[in-house]
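The shown structure was predicted, so the numbers you read here are calculated from the model rather than taken from an experiment.
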Amino acid sequence: MNDQSLNFDQQVLERSRQLPVLVDFWAEWCGPCQSLGPVLEKLAAEAIDQWALVKIDVDANQQIAARFQVRSIPAVMLFDGGEMVATFNGALPESEIRSWLANHLPTPSVRQLSTIKALLQNGEFKTAIPLLEELVLAEPKWLTPRIYLAERIMFADPSRAAELVEQARLGDDLFDQVEAVRHIARLLQRDPSTFAESPVREDYLNALTALHNGEVETALGSFIKTLIPAPDYDNQGARKSCIAIFNWLGEGDRRVRDYRRKMQQALN
């Protein structure tokens, strides 16, 4: 497609939620573009329903080119799920383009994970969790779905959650979330009788009960309540648990801002 009045959001971003879209930024005066264009068109014709090609003349669509910081052409970008996922510049040989596509086109499992992420973001956990279980079974070495599943089940089944992220190592993607799962899972599996006697012991155990029930705000409140009189209780367990919950919730969650402020006030 080469459309002078291109609606990029609709024809590329929205369309890529159903089918990956390869965008070729080009111009009539660009010699390498004239070499690359037919190769991309040939590959797109072969791909049929695997991905779609959209050609964008940078002279006719300067705002779109500026939006994606196109500084030299030809520039090729792959969009999937409404986001750019890969790019290359220059007129690569056909063999290299085929290899690049093989490396970057989403597999069915990747597309399934995108669907699951959307469900999780919308709070549709009852639908998402069985799909995560299927994906973990189908892709046992893929860490990302294991982390997402562990995050959803760690309160009800901390032992299984810890097992799911056992192979994760420092430097892996989402490692802060892995550490959050590990901390909470360890805490929830401890025998209550092992917690030392203290004036804050009851509040601390109340926080653990709330965590078991998935009541994170109640848990945060009870943990923070222990910080003023006994910040070092259980090896600073309340502070560490608050941080783990913050990492699990994510910085975009309003509760993180509210309770992080309350935690700092309690510590200071």
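- Residues Pro130 and Thr127 come closest through the heavy atom pair CD-O, 3.4 Å.
- The environment of CD in Glu46 is crowded: more than 12 heavy-atom neighbours from other residues, nucleotides or ligands sit within 6.0 Å.
- Using cut-offs of 30° and 60° on the angle between ring planes, the pair Phe25 and Phe68 is tilted.
- Here the straight-line distance linking atom CG of Leu119 with atom NZ of Lys117 works out to 12.5 Å at 0.5 Å rounding.
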Report the C-alpha distance between Phe155 and Asn213 in whole Å, list the side-chain angles of each, state the deciding distance to 0.1 Å, and finish with yes or no for side chain to side chain contact (heavy atoms under 4.5 Å, CB included). CA-CA 7 Å; Phe155 302 126; Asn213 295 330; over 6 Å; no

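- Leu187 and Leu220 fall within the same hydrophobic cluster, where Ile, Leu, Val, Met, Phe, Trp and Tyr residues are linked whenever their side-chain heavy atoms come under 4.5 Å apart, directly or through other members.
- Side-chain atoms of Asn103 do not come within 3.5 Å of backbone N or O of Trp100 as any donor-acceptor pair.
- Side-chain atoms of Asp57 come within 3.5 Å of backbone atoms of Asp59 as a donor-acceptor pair (strictly under, hydrogens ignored).
- Counting only heavy atoms from C-beta outward, the side chains of Leu164 and Arg160 approach each other to under 4.5 Å.
- A donor-acceptor pair under 3.5 Å is absent between the side-chain atoms of Ser99 and the main chain of Ser95, judged by distance alone.
- In this structure, Asn7 and Asp9 have side chains that are in contact, with non-hydrogen atoms separated by less than 4.5 Å.
- Going from atom CH2 of Trp29 over to atom CD1 of Ile73 covers 3.5 Å, rounded to the nearest 0.5 Å.
- The number of heavy atoms from other shown groups lying within 6.0 Å of CG (Asp49) does not exceed 12.
- Expressed to the nearest 0.5 Å, how far CG of Asp253 lies from CZ of Arg260 amounts to 11.0 Å.
- Nearest heavy atom pair, residue Cys242 against residue Met263, reads CB-SD, 3.6 Å.
- The two residues His183 and Ala244 have their closest heavy-atom pair at CD2-CB, 3.8 Å.
- Residues Val76 and Leu36 are in side-chain contact: their nearest non-hydrogen atoms beyond the backbone lie under 4.5 Å apart.
- Counting only distance, with no hydrogens or angles, the side chain of Tyr233 and the backbone of Ala196 share a donor-acceptor pair below 3.5 Å.
- Side-chain contact between Pro20 and Arg111 is present, with heavy atoms from C-beta onward closer than 4.5 Å.
- Note on Val200: it does not cluster hydrophobically with Ile228, by side-chain heavy-atom contacts below 4.5 Å among ILVMFWY residues.
- A donor-acceptor contact shorter than 3.5 Å is absent between the side chain of Lys225 and the backbone of Ala207.
- Counted within 6.0 Å of CD on Glu83, heavy atoms from surrounding residues, nucleotides or ligands total 12 or fewer; the atom is thus considered open.
- A distance-only check finds no donor-acceptor pair linking the side chain of Gln236 to the backbone of Pro231 [under 3.5 Å].
- Under the 3.5 Å distance criterion, the side-chain polar atoms of Arg146 are matched with a main-chain donor or acceptor of Pro140.
- Of all non-hydrogen atoms in Arg201 and Ser193, the two that sit nearest each other are NH2-CA, 3.9 Å.
- The structure places NZ of Lys42 at 3.5 Å from CD of Glu94, a figure rounded to the nearest 0.5 Å.
- Here the side chain of Glu139 pairs no donor or acceptor atom with the backbone of Leu135 at under 3.5 angstrom.
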Assess whether side chain to side chain contact (heavy atoms under 4.5 Å, CB included) is satisfied between Phe8 and Asn61, documenting all intermediate values. CA-CA 10 Å; Phe8 190 91; Asn61 296 278; over 6 Å; no

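- By the criterion of side-chain heavy atoms lying less than 4.5 angstrom apart, applied directly or through intervening Ile, Leu, Val, Met, Phe, Trp or Tyr residues, Leu143 is grouped together with Leu170 in one hydrophobic cluster.
- Atoms CG and CD1, on Leu208 and Ile184 in that order, are 10.5 Å from each other to the nearest 0.5 Å.
- For the pair Leu188 and Met154, the minimum side-chain heavy-atom distance is 4.5 Å or more.
- With Arg239 contributing its side chain and Asp232 its backbone, the two residues share no donor-acceptor pair below 3.5 Å.
- Rounding to the nearest 0.5 Å gives a distance of 11.5 Å between CG of Leu92 and OG of Ser35.
- Counting heavy atoms from C-beta outward, Arg255 and Ile245 have side chains that stay 4.5 Å or more apart.
- Within a 6.0 Å sphere centred on CD of Glu41, other residues, nucleotides and ligands contribute more than 12 heavy atoms.
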Between Glu179 and Asn247, does the side chain to side chain contact (heavy atoms under 4.5 Å, CB included) criterion hold? Intermediate values first, please. CA-CA 9 Å; Glu179 288 289 84; Asn247 287 335; 5.9 Å; no

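- For Asn122 (side chain) and Glu124 (main-chain N/O), no donor-acceptor pair under 3.5 Å exists by modelled atom type.
- Between Tyr204 and Phe223, the ring planes lie perpendicular to each other; the angle is over 60°, past the 30° to 60° tilted range.
- Across every non-hydrogen atom of Gly82 and Ser16, the tightest pair is N-OG, 2.8 Å.
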Would Leu149 and Ile129 count as a side chain to side chain contact (heavy atoms under 4.5 Å, CB included) here? Give the steps. CA-CA 7 Å; Leu149 180 58; Ile129 290 174; 4.0 Å; yes

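- Under the 4.5 Å side-chain heavy-atom criterion for grouping Ile, Leu, Val, Met, Phe, Trp and Tyr, Trp51 is not connected to Val110 through any hydrophobic cluster.
- Within the 4.5 Å cutoff, no side-chain heavy atoms of Glu251 are placed close to those of Arg257.
- Of all heavy-atom pairs spanning Arg182 and Val165, the tightest one is NH2-O, 2.8 Å.
- Between Glu197 and Phe195 there is no side-chain heavy-atom pair separated by less than 4.5 Å.
- Counted within 6.0 Å of CZ on Arg261, heavy atoms from surrounding residues, nucleotides or ligands total more than 12; the atom is thus considered enclosed.
- If you chain together hydrophobic residues whose side chains sit under 4.5 Å apart, Leu19 and Leu13 never meet in one group.
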